[in-house]
Amino acid sequence: EPEVTQTPSHQVTQMGQEVILRCVPISNHLYFYWYRQILGQKVEFLVSFYNNEISEKSEIFDDQFSVERPDGSNFTLKIRSTKLEDSAMYFCASSEAGQGRYNEQFFGPGTRLTVL
Amino acid sequence: GNSVTQMEGPVTLSEEAFLTINCTYTATGYPSLFWYVQYPGEGLQLLLKATKADDKGSNKGFEATYRKETTSFHLEKGSVQVSDSAVYFCALKGSARQLTFGSGTQLTVLP
């Protein structure tokens, strides 16, 4: 069964460093998403991406964040200068495009980011 | 804006016990409602969904009914198993594509 994969599973970095979190969405999906969950808090939407551009983003997704689809398979989230409060579990998701009230979002296992 | 309030955890039950995890929401319009489950070391998986009022979503013995009058979508299962131990997330989707999640409820089922 196709699945969303994410690497690495755990990333430790120093404050101020840049990190890139990687995701491989399901191959025929066209919408891609990043969510995050700070320990003990809710899963929060960050950004959605379609047709090589951001389609929606939340207030969390400020200038320190960027997303990219560098090739036909990867979808990345970059944090330019990490802060302590960026420590969280980051989930990637993908869904089919098309009509219908809902296209199921398939989630990856997450990357745990720890900023020291 | 949209929000989801979920029963605080953790919840610990014995095998074959009855499970209820409460979920209420605030949203404009007519959202779709979901329960996701996360098993240890895995991603969020869609457990069940309901797209309009009075719909009942069901899967793997779990059920939830979309109650517009009480803005609720409580998850129930009549007899839990050890393999149901996981984190359960209630979520809604409004007019935009993103999901709004509750805080998650850790369920542990003891043999």
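Annotation for A:Glu85: atom CD counts as buried by contact number, over 12 foreign heavy atoms lying within 6.0 Å. For A:Asn51, the CG atom sits in a packed shell: over 12 heavy atoms of surrounding residues, nucleotides or ligands are nearer than 6.0 Å.
How far NZ of A:Lys42 is from SG of B:Cys90: 10.0 Å, rounded to the nearest 0.5 Å. If you take CG on B:Leu44 and CD on A:Gln37, they are separated by 8.0 Å, rounding to the nearest 0.5 Å.
Cluster annotation: B:Leu48 is connected to B:Met7 through the hydrophobic network of ILVMFWY side chains, with a link wherever side-chain heavy atoms come within less than 4.5 Å. The hydrophobic cluster containing B:Ile21 also contains B:Leu47, counting ILVMFWY residues as joined when their side-chain heavy atoms lie under 4.5 angstrom apart, directly or transitively. Taking hydrophobic clusters as Ile, Leu, Val, Met, Phe, Trp and Tyr residues chained together by side-chain heavy-atom distances below 4.5 Å, A:Met89 shares a cluster with A:Val43. A:Phe45 and A:Leu21 fall into different hydrophobic clusters, where Ile, Leu, Val, Met, Phe, Trp and Tyr residues are linked whenever their side-chain heavy atoms come under 4.5 Å apart, directly or through other members. Cluster membership for B:Leu99 and B:Val87, using ILVMFWY side-chain heavy atoms within less than 4.5 angstrom, is shared.
Residue contact with chain B, scored on non-hydrogen atoms closer than 4.5 Å, is absent for A:Gln6. In this structure, chain B has a heavy atom under 4.5 Å from the backbone of A:Gln41, while its side chain stays farther away. Contacts between B:Gln38 and chain A at a heavy-atom distance below 4.5 Å involve the side chain alone, from C-beta outward. Proximity to chain A (any heavy atom under 4.5 Å) is restricted, for B:Phe89, to the side chain, taken from C-beta onward. If you measure heavy-atom distances from B:Gln98 to chain A, the contacts under 4.5 Å come from both the backbone and the side chain.
Between B:Tyr36 and A:Phe107, the distance from one ring center to the other falls under 6.0 angstrom.
When atom types are taken as modelled, the side chain of A:Tyr35 and the backbone of B:Thr100 share no donor-acceptor pair closer than 3.5 angstrom.
In this structure, B:Arg97 satisfies the cation-pi test against A:Tyr31, with its NZ or CZ atom closer than 6.0 Å to the six-membered ring centre and inside 45 degrees of the ring normal.
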